[in-house]
Amino acid sequence: MKGLIAFIFVFGVIVVVHEFGHFYFAKKSGILVREFAIGMGPKIFSHIGKDGTAYTIRILPLGGYVRMAGWGEDTTEIKTGTPASLTLNEDGVVTRINLSDKQLDNNSLPMNVTTFDFEDKLEMTGLVLEESQTYKVDHDATIVEEDGTEVRIAPLDVQYQNVSIWGRLITNFAGPMNNFILGFVAFLILIFMQGGVADTSTNTISVVDGGALQAAGVVTGDKILSIQGQKMTNYEEIASAVARATKDAKTAPTLDVVVEHAGQEKTLQVTTKKQGKSYYLGVSAALKTGILDKVQGALQQTGDTAVMVVTALKNLIARFDINKLGGPVAIFNVSSQAAQNGFTSVLYLLAMLSINLGIFNLIPIPALDGGKIVLNLLEAIRRKPLKQEVESYITLAGVVVMVVLMIAVTWNDIMRVFF
């Protein structure tokens, strides 16, 4: 159960934060966001805000999505002859089109729709009492879809492709950007939870509870001056010296350690303690506890993680191996393992996966944000957009590639985890 909760938390937070980036900047750019959904599957709650967006909660707590108005993003389809109930205002203009048998308006007008134009002319035609009637449709009218979800119609002026190129560019980049921000925030929370950020530039140390140094009377804030006669000036030298001195040991080695405590030097013989297959002194780097130090530490961890992910992607492209990829099954597996180690491990996993998702989405594959950004930049250079059909075909090809890859990765994950 812990593993399932951890998976839902990690996967859900990462995806919702990603989609909120698209949502926020789409609205700022003038794009109508028809729906912002938390979860997937059937709707269990819906509310239309004053901004015209339908905010929904869906039954499967796995991520979420944003429906932006415009071709390639979201369109309205009504088949000829579809029954609808129209709500009219005092001027006889349609303000609501109900295609479902839910949320019925007692004063609505029944119609069998024959034609409609919710983008340019803003009108619809259909049979009312077996006579053909045409009605104007309000710019901000809503439509109740067959599943009962009520969203705004999408006139051309609020569609994705008709806002500025820079508006579309920042909207596409905002999702990955939010993932980087989430990763930074998660690392910052972890640093605050541990009391500070590791300072590896000094030989001042923190003592691990129950470790060999603590048993020898060494306390946090002391300095290690030498190990086995070798002078120590920073934590990296301390870690390297211990690793060399305990390498290939069959029993716990005893090390000569000189420490400085309260301004006085002490020479100690410290017997290391075994943890796993290795032997340790029970020491960690001293912590820098200033606010600025913590922020810089979180930025450093975010940058290091991003570099690690980019390097891994580069190596994957150079020598493709499907075993180096992981899908939802792999995320569930590592989430379960993290859950056994406590909240800090789950939070660390969230930070790592969020940055991973942000970088992955910037890969220039048409179905991903990176592919859309490339098309935006291409349009800015050409000073004219690609034809709708061309962009649709490019996007479809990207979707096919991603679907095939996801199926292959998921199947490979299942075989690795369960068989």
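Just so it is clear, the values below take in all heavy atoms, side chains as well, and ignore hydrogens, waters and symmetry mates. Along the sequence shown, residues are numbered consecutively beginning with 1.
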Under a plain distance cut-off of 3.5 Å, with no hydrogens placed, do [Y] and [X] share a side-chain donor-acceptor pair?
X: R34; Y: T142; answer: no
X: S240; Y: E236; answer: no
X: T56; Y: E35; answer: yes
X: D369; Y: H18; answer: yes
X: N376; Y: N172; answer: yes
X: N98; Y: S100; answer: yes

Enclosure of K288 NZ (heavy-atom neighbours >12, cutoff 6.0 Å):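 Above 12, so yes.
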Within 6.0 angstrom of Q133 CD, more than 12 heavy atoms from elsewhere: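 Counting neighbours around CD of Q133, more than 12 heavy atoms of other residues, nucleotides or ligands fall under 6.0 Å, so yes.
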Side-chain heavy atoms of I143 within contact of I78, under 4.5 Å: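 Answer yes - side chains close enough.
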Side-chain heavy-atom pair I97, L86 within 4.5 angstrom cut-off: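 In contact.
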Mark yes or no for whether [X], through its side chain, and [Y], through its backbone, hold a donor-acceptor pair below 3.5 Å.
X: N112; Y: G81; value: yes
X: Q214; Y: G210; value: yes
X: R382; Y: K384; value: yes
X: T204; Y: A286; value: no
X: S354; Y: A351; value: no
X: T125; Y: T134; value: no
X: K247; Y: V242; value: no
X: Q159; Y: Q161; value: no
X: H47; Y: Y55; value: no
X: D222; Y: V219; value: yes

Please determine if [X] and [Y] form a salt bridge, counting it only when a charged side-chain N lies under 4.0 Å from a carboxylate O.
X: R152; Y: D140; answer: yes
X: K231; Y: E237; answer: no
X: R67; Y: E145; answer: yes

Step-by-step side-chain hydrogen bond (donor to acceptor under 3.5 Å, both in side chains) determination, S46 to R58: CA-CA 9 Å; S46 178; R58 296 181 176 269; over 6 Å; no
Aromatic ring pairing F20/F36, orientation class (parallel under 30°, perpendicular over 60°, tilted between):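 Plane angle over 60°, so perpendicular.
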side-chain contact (heavy atoms from CB on, under 4.5 Å) partner of T305, the single match among F187, F180, F184: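 Output: one option passes, namely F187.
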Y280 six-ring centre to K273 NZ/CZ under 6.0 Å and within 45° of normal: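 No, K273 does not sit over the ring of Y280.
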Validation row, ring centre F118 to ring centre F116 under 6.0 Å: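 Judged by ring-centre distance (under 6.0 Å), F118 and F116 do meet the cut-off.
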Shortest non-hydrogen separation from A69 to A154 and the atoms involved: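 Nearest heavy atoms, A69 then A154: CB-CB, 3.4 Å.
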